[in-house]
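The block underneath contains the structure these notes are about, expressed in structure tokens.
By convention here, the first residue in the shown sequence is residue 1. Hydrogens, waters and symmetry mates are skipped; everything else that's a heavy atom, side chains included, is used. Every value quoted in this text rests on a predicted model; they were computed, and no experiment measured them.
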Amino acid sequence: MTRKVFDRTFITFLAVGVVNTLFGTAIMFVLYNVFDCSYWVSSFCDYFFGSILSYFLNKHFTFHYQGTDWRSIVKFVLNIVVCYLIAYSLALPLTRYALESMHFSKVVVENIAMLVGTGLFMVINYLGQKFFAFNRKDA
């Protein structure tokens, strides 16, 4: 079962994630620091444009998906939204619980929770893309 879930596509997915992160982060910092856009506009553009790049790279290179574009786009967007909500809704309470005896400041706990959320998002998003958004049975 583990081999079916975490096959060679997982490594490609991670590589796409690195490219995606560099691309989105560059957009975010350029908008914020050069064009003086707000934090929210800059970070939204990171996720928005990063998701577009992620869609095309994962569709073609990671999962080699040949399905109808409109259907895979809707499934991809739905997957991203659901994965984001699940990952970041779980990350903060889990991190607070795990670190409650260490008496870290709220800022430290929330920064760690964001890292935890990123990790959860990556795993859940991979599974959602592999088995839902780019499911070969739909192609």
Side-chain angles (χ1 to χ4, degrees):
M1 173 69 173
T2 302
R3 286 185 183 158
K4 183 177 181 179
V5 173
F6 296 105
D7 56 10
R8 71 166 184 77
T9 61
F10 186 68
I11 301 299
T12 307
F13 184 81
L14 291 175
V16 165
V18 168
V19 170
N20 221 26
T21 299
L22 294 172
F23 174 74
T25 303
I27 288 172
M28 180 174 63
F29 284 122
V30 167
L31 289 174
Y32 186 78
N33 293 300
V34 176
F35 294 104
D36 202 29
C37 292
S38 74
Y39 168 84
W40 292 109
V41 168
S42 301
S43 61
F44 171 80
C45 287
D46 172 3
Y47 272 91
F48 181 78
F49 291 111
S51 291
I52 292 170
L53 179 62
S54 175
Y55 171 80
F56 288 105
L57 292 178
N58 282 314
K59 177 182 179 190
H60 295 292
F61 297 109
T62 306
F63 301 110
H64 305 283
Y65 184 79
Q66 301 296 320
T68 306
D69 282 347
W70 68 268
R71 187 173 182 183
S72 63
I73 290 170
V74 169
K75 289 169 74 174
F76 179 85
V77 169
L78 180 62
N79 178 65
I80 292 290
V81 170
V82 169
C83 291
Y84 176 82
L85 292 173
I86 290 171
Y88 288 92
S89 294
L90 290 174
L92 189 55
L94 289 173
T95 303
R96 282 182 180 150
Y97 177 75
L99 300 177
E100 70 184 342
S101 66
M102 296 183 192
H103 307 292
F104 287 117
S105 71
K106 178 183 176 184
V107 171
V108 171
V109 170
E110 288 180 352
N111 275 285
I112 293 170
M114 286 188 278
L115 289 173
V116 170
T118 300
L120 287 172
F121 178 84
M122 182 195 69
V123 172
I124 298 167
N125 183 36
Y126 169 73
L127 295 172
Q129 285 190 40
K130 182 176 179 78
F131 296 110
F132 176 66
F134 299 122
N135 188 333
R136 291 181 188 264
K137 292 177 187 173
D138 293 342

Could you tell me which non-hydrogen atom of [X] sits nearest to which non-hydrogen atom of [Y], and how far apart they are?
X      : Y      : answer
Gly128 : Asn79  : CA-OD1, 3.0 Å
Ser72  : Ala133 : CB-O, 4.0 Å
Gly117 : Ala87  : O-CB, 3.6 Å
Ala113 : Thr95  : CA-OG1, 3.5 Å
Gln129 : Ile80  : NE2-CD1, 4.5 Å
Gly50  : Asn20  : O-OD1, 2.8 Å

Would you indicate whether the side-chain heavy atoms of [Y] and [X] approach each other to under 4.5 Å?
X     : Y      : answer
Phe63 : Asn135 : no
Asp46 : Ile27  : no
Leu78 : Phe132 : yes

About how many Å separate [atom2] of [Y] and [atom1] of [X], when rounded to the nearest 0.5 Å?
X     : Y      : atom1 : atom2 : value
Gln66 : Lys59  : CD    : NZ    : 7.0 Å
Thr25 : Met28  : OG1   : CE    : 5.0 Å
Arg96 : Phe104 : CZ    : CZ    : 15.0 Å
Asn58 : Tyr126 : CG    : OH    : 10.0 Å
Lys75 : Phe134 : NZ    : CZ    : 9.5 Å
Ser51 : Phe76  : OG    : CZ    : 5.0 Å

Legend entry - is_close_aromatic(Phe49, Phe23), centroid dist under 6.0 Å: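 They do not qualify: ring centres at least 6.0 Å apart.
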Inset, instruction - Verify whether the ring centers belonging to Tyr55 and Tyr65 lie closer than 6.0 Å. - result: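 No - the distance between ring centres of Tyr55 and Tyr65 does not fall below the 6.0 Å cut-off.
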Same cluster or not: [X] versus [Y], using hydrophobic residues (I, L, V, M, F, W, Y) connected whenever any side-chain heavy atoms lie under 4.5 Å apart?
X      : Y      : result
Phe10  : Phe131 : yes
Phe56  : Leu53  : yes
Ile11  : Met122 : no
Met102 : Val109 : yes
Ile86  : Leu94  : yes

Inset, instruction - Could you label the plane-to-plane angle of the Tyr84 and Phe121 rings as parallel, tilted or perpendicular, counting under 30° as parallel and over 60° as perpendicular? - result: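 Plane angle over 60°, so perpendicular.
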Legend entry - Sequence neighbours excluded, every pair satisfying side-chain hydrogen bond (donor to acceptor under 3.5 Å, both in side chains) that has a member inside residues 101-121: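 Sorted result for residues 101-121: Tyr88-Thr118.
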Legend entry - Neighbour count above 12 (heavy atom, 6.0 Å) for Asp36 CG: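 Incorrect, the count does not exceed 12.
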Legend entry - ILVMFWY cluster membership beyond Leu22 - transitive side-chain contacts under 4.5 angstrom: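 Taking Ile, Leu, Val, Met, Phe, Trp and Tyr as members, Leu22 shares its hydrophobic cluster with Val18.
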